[in-house]
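Proteins get letters first, then strands, A, B, ... in listed order; numbering begins at 1 in each. Worth saying up front: this structure is predicted, and the values here are computed from it rather than measured.
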Amino acid sequence: MTIDGKNPVLSLRNIHKSFGSIEVLHGINLEVAAGEVVALLGENGAGKSTLSNIISGTILPSSGEMTWLGAPYAPATPRDAIDAGVAMIHQELMLLPHLSIAENIFVGRYPMKAGRLDRGEMDRRAQAGLKRLGLEISPRRPVEGLSTASQQLIEIAKALTLNAKLLILDEPTAALGSEETKLLFEQIERLKSEGVGIIYISHRLEEIKQIADRIVVMRDGEKVQEFDTADVPIRTIVEAMVGRSMEQMFPPLARPEDSQVLKVSGLTSPTGRFRDVSFSVRKGEIFGIAGLVGAGRTELVRSIAGADPIQTGTVELNGKDITPKSPGQAIRNGIILVPEDRKLQGVILDHSIQENIAYSNFESVSKSGWMSNRRVKKFASENIRKFGVKGIGSQMANEMSGGNQQKIVIAKWLARNPDVVLLDEPTRGIDVGARSSIYELIHGLAAQGVAVVVVSSDLEEVLGVSNRIMVMAAGRQVGILDHSEANDVSVMELATA
Amino acid sequence: EGVGIKKIGLAVPNLQADFFNQIKLGVEGYAGKLGIEVIVVDAKNDTATQVSQVQDLLTQGIDAFIYIPAGAAAAAVPTRLARAEGIPVINVDREPEGAPGDTVIYGENVLSAYQVCDHIIGLAEGKGKMVVIHGQKGTTPEVQRFEGCKMAIDENPGVELVAQQWSQQWSPDEGFQIAQNMLQANPDISIIFGQADGLAMGAAKAVEVAGLADQIVVGGYDGDGAALESLVACDTPFIVTATQSTQAMGVLAVNSAIAVANDASVPARQIPNAVLTTCDDAAKFVEKHP
Amino acid sequence: MQSTEDTNSAMIKASSGLRGAFSFGGATGPLIGLILLCAFLSIATDSFLSFRNFLNILDQITVLGIMAVGMTFVILIAGIDLSVGSVLALSMMVLGFLNVEAELPMAISIGGALVASALVGVVAGLLITEFKVPPFIATLAMMSIARGLANMITNGSQIIGFPAWFNMGAIIRHGGVLTTTVAVMLVVFVVALLFQRYREGGRMLYAIGGNPEVARLAGINVKRATVLTYTACAALSGLAGVLLAARLDAVQPSSGVAYELDAIAAVVIGGTSLAGGTGGVGGTIIGVLIIGVLRNGLNLLSVSPFLQAVIIGLVIVLAVAAETFKHRNK
Amino acid sequence: MQSTEDTNSAMIKASSGLRGAFSFGGATGPLIGLILLCAFLSIATDSFLSFRNFLNILDQITVLGIMAVGMTFVILIAGIDLSVGSVLALSMMVLGFLNVEAELPMAISIGGALVASALVGVVAGLLITEFKVPPFIATLAMMSIARGLANMITNGSQIIGFPAWFNMGAIIRHGGVLTTTVAVMLVVFVVALLFQRYREGGRMLYAIGGNPEVARLAGINVKRATVLTYTACAALSGLAGVLLAARLDAVQPSSGVAYELDAIAAVVIGGTSLAGGTGGVGGTIIGVLIIGVLRNGLNLLSVSPFLQAVIIGLVIVLAVAAETFKHRNK
Ligand SMILES: Nc1ncnc2c1ncn2[C@@H]1O[C@H](COP(=O)(O)OP(=O)(O)OP(=O)(O)O)[C@@H](O)[C@H]1O
Ligand SMILES: Nc1ncnc2c1ncn2[C@@H]1O[C@H](COP(=O)(O)OP(=O)(O)OP(=O)(O)O)[C@@H](O)[C@H]1O
Ligand SMILES: O[C@@H]1[C@@H](O)[C@H](O)OC[C@H]1O
Ligand SMILES: [Mg+2]
Ligand SMILES: [Mg+2]
């Protein structure tokens, strides 16, 4: 069989996959040719990562066949796949923080000389690989402490040095800025020209047009549509993904009230990750914070929420100095944080949803320190309903899709009627469908008079939801733009200034 | 006095056993009078630790070595190390197999263990089920005390030895634990011999906890301070022991060290007696320990 | 939108994450094991199945039971406490010193013993929270220190001479049933179950064990809770020491060596994960009973102590591996 | 682009993540501690600073040193091995049985002892990888089982009667310097350092300890490596047992109780994190020396054994807390 006259290097026949009694892939057929980029799109939980993991030997399919370069292919371990020439960059960062960058790139396939590790060669090759991605740092440096973006680039370098014939990239740009993304795309072009087949997964639909040759859309574990070109209107793709037509993504902005709720003055971090930041947010206002990755936004909002120490400066709430020393203090004052890393900071994955909700709401579910299971259940199910979470209270958090997990992280706080809500990358890795309901949540908060701060690396998102936008660069605030004067150009100019 | 010795090294297995503490006090007290310094090391029951400690004693230039082997095995190496330095080696309580010191000092284990067992068997009217809680397996006192007790058992065909177990450290904890286990399997026991007072008193407590105090008699060995006091009170199943001459053994050890250092002849074995002690005569040993 | 979600949630069994206070949710595997063990011993021996033997077992598990409750809390927050055996010894020696040597009243002496024990826990907790010493190491160090201190009180000797009524508390079975020591253990069990299930503080332990960063961001004072948990564990070990002193009618600084391993084994057999965040006191009680019944049964069967060690090792492995299989088949 | 990065990388000291085979990178803190300790003891005692005492210390650390190497590998992969002391005892008893009772030649007896030890490691490794038993529990069980087996060989008795040359290997200092047992330890150190630094197998341990899933995805056979690591650790404990038998000229099944705690302490004092993935044998050697020098020094200072326990506990805490402070100030 051929695709556009090219021979497929990989073909999948009727792949099924079940976890326990739940089938998540229902007979997928897929083909990838040499030198083409296939974009694999779909909502959260559509099965993109699962399918990729099967191809890369990370997990085994329940049934179905694969052929690779014309021969039957059934990798039992990642090693089998790597040996066959199939490499994958996983959605989660897969790095070893204590080891050097070079060792991370060559883990499991160290260059050896006379029975011993050839460190010189390893460093040289690592350096060359990183340089192609624009990352000029010592390959001997440990990965620990590098920004998410740099780590993502190392992950990509790891895959690029594998000399694979098929490369699977599962959301490689989720943590990248536009500069890094550009360099990545150059490398993808180079690989294409060398005849490497690529499966590219992303929720950033604008990228797809730039890089993909074909588009495959999945929904609920099935392949629902294929486009033989990437020149498809985004709206059409989205409709294929969600299975219905999309209404307006961003709800209309409301006018905030005049009274100032949150006031941050001269805030400086002891680690120097942000310096001298001042701004204020009004009742019912949505205040966006934009910037390139590593600009210090995460540390800033964490400090306001009491999660990280503050060196100098004050946080005022309704005119009162409440500069917090612990998250507990901030929460009691009505400032809550929806953290950047949902899995590590937002929810306890192997606890139930109602437990997760209870942990943030002891006051509501207990009387003078005594809890009752009935109250926990009732309280949780009320909030689950109120915030449109798909699931029931007794379900474990790790059984939920990313989007619903994120809703829990937000919902678990809102019952407290906070004055200030800080959201850090509220839609990272979340599909379009779930995203719009999170935007609705955010607007709902503002409408209730909450002062909302949204940190986002997604430019379209900050522009779409914010009344005002503060831009940060290298730990400093470089300007605050009103909704009317903000557009992608004006923000990027500030961010890169 | 020109005793020819300035520093004595004393290696004990485990200071938590009162018996060794008594020996230590005996050695220190007498040596102190003679102006001799004593360095004590405690192996906490680990032979490997004891070998290291002996090396460290020798590094400190001791002139004589009083040595109580920590384990049943491994007894030979410290003697060899000290011999290599030409230092007198005095063994107390336990005889290292294969490499005895210049003299070995221990209590009259066989005879007095026979007396203790004979006493408790007599109180049980020469019949019934009996158990023995041994000390640390393979040590001189363990072997000899069983030998003595076995003689008494064999003389009384009505007595059946239904169980025996070995402890590691001769401690009350172990005595309690072991006796408790034995009582579970054999609730109709009437005689218990613990090879040291710690074991016996632990066993007596287990008997009381099991509510069997009026059916069982317990004999011990050593004449520990705590044991003698308990005999004076005489309100537990533990009713007899053999009081060892610990103070005398300490004095004897120091004197032997001096003698060997001065090339005087010392008998290969010195065996101070142990005295059968019951509720009636325990008070005098509380007054003054032999 | 997201119909997968709906299918998923429809299929979820009532696998609630909340554990009932007196249900042994999550510990059904161990419970079945315990029942099988009892059934086997009832058939294999004459003496196992009797009220008296049952009371004996209760007597024998008192110390382990109380220690294991404290250990459960520590393990729930993903910690570990190796010092419990030494703390027990320290508590005993302080008790003996205060009551027998210093001739203070028993109530004050017990208070002193508990305070001394709790202090060890406070220090361990502070080492862990303030100095970031891993729990394993902090409590390993406290294990050595507490043991040394226990020995230093009397220079290694035992102390006897408690008032007669003290030992009677471990011997006399009130109404033919409960000794005071067993009653204390039962009270500890009930209080711990209620605390774990119905008190905010109890639920916080689960949150901290599940993910300390999430707990901290939820406003829980993780450091304080951690120090309190180690303090409670140490105080409970101290209490176990007091009960052991009553039982032995004597105290000696070499008591409790390696008890920490028994306590940890009981907790893990009872289904609490060393990774923290799941399990609880209900399971631990079963774990303690399994160990107690097993030891008792092996004695009744006159199994040699050496073979007993082998069998107990096998049972520990079986209990934990069985849990794994259960989860795998789910 | 990414100017923060550049500043950062400019600031990187030569603190390379890679540890030189014979450098003690990452263990400089402990190294300084060791030097200070030696300096103090040289001043405080007459006898510490002598060649002979130095050789004594080497003799005294042989067993701990070899065990700690195996423990380092296990801890590097984020595991733990509580069974090493029991495995040592099992190895000794198998050796004694084969050589003295069964009268087999020493070479075969040693081989038998090592195989028996390694088997314990294989079982522990399989329990951990195939049955998902946490390492703490799997090796706790093996600790009990191996100790029981060691005792069963002679029903608890010691065995003596090795050929005379065997003990001489631990006593005679060839060329006035090295006993055979110390030489064996040094060989183990060198081989372990080279393995860890230059062999693929050694580097894999770091990857597995850093994140086993990452290692698996990189094509490493994590299960196999894990089983091999526990096997190597057990075999090294067995080797330590053989050397201890030579040193003591006798074997007894109660040997090695609580040695696992010493070994773990040495590894952690040497800077290897219990979380896995960082540290190494270089640091462990320093940790072993710190413990050895400390014990020796406390004996030379005639510090009471009880106070020694307290001091050793304090040193463990200080060593680890100091590391934390170093990192905090970085
Ligand atoms: N280990 C697992 N156990 C049970 N269910 C799983 C497991 N891994 C994935 N799933 C389920 O399989 C489905 C497909 O998940 P998958 O991760 O492949 O989605 P995806 O398309 O990559 O989504 P996203 O865009 O969020 O990364 C989801 O419903 C998910 O909950
Ligand atoms: N734990 C850490 N150790 C070392 N450096 C860190 C750490 N966390 C963040 N940084 C660095 O601090 C800088 C600011 O990080 P921060 O996370 O606050 O930025 P951000 O604007 O939120 O970007 P991102 O989108 O990557 O989270 C970055 O250069 C980052 O590399
Ligand atoms: O009786 C004792 C002694 O002879 C033995 O060797 O060790 C312990 C003592 O109680
Ligand atoms: Mg995915
Ligand atoms: Mg951020």
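- Other residues, nucleotides and ligands contribute more than 12 heavy atoms inside 6.0 Å of the CZ atom of A:R275.
- Using a 4.5 Å cut-off between heavy atoms, A:L93 does not touch chain D at all.
- Distance check, rounded to the nearest 0.5 Å: CZ of A:R119 to OH of D:Y198 gives 7.0 Å.
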Stepwise side-chain contact (heavy atoms from CB on, under 4.5 Å) test for D:L194 and A:R116: CA-CA 9 Å; D:L194 292 174; A:R116 44 173 287 181; over 6 Å; no
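- In terms of heavy-atom pairs under 4.5 angstrom with chain D, the leader among A:P97, A:A102, A:G108 is A:G108.
- Counting heavy atoms from C-beta on, the side chains of A:T58 and D:R216 come closer than 4.5 Å.
- Checked against A:V107 for a side-chain contact (heavy atoms from CB on, under 4.5 Å), the options D:L217, D:N211, D:I220 give a single hit: D:I220.
- When every heavy atom of D:V214 is checked against every heavy atom of A:M94, the shortest pair comes out as CG1-O, 3.3 Å.
- Chain A forms the most heavy-atom pairs under 4.5 Å with one residue out of D:S273, D:A218, D:G202, D:G210, and that residue is D:A218.
- Ranked by heavy-atom pairs under 4.5 Å with chain D, the first of A:M88, A:H90, A:R109 is A:H90.
- Closest approach of D:M204 and A:Y110 over heavy atoms only: N-OH, 4.2 Å.
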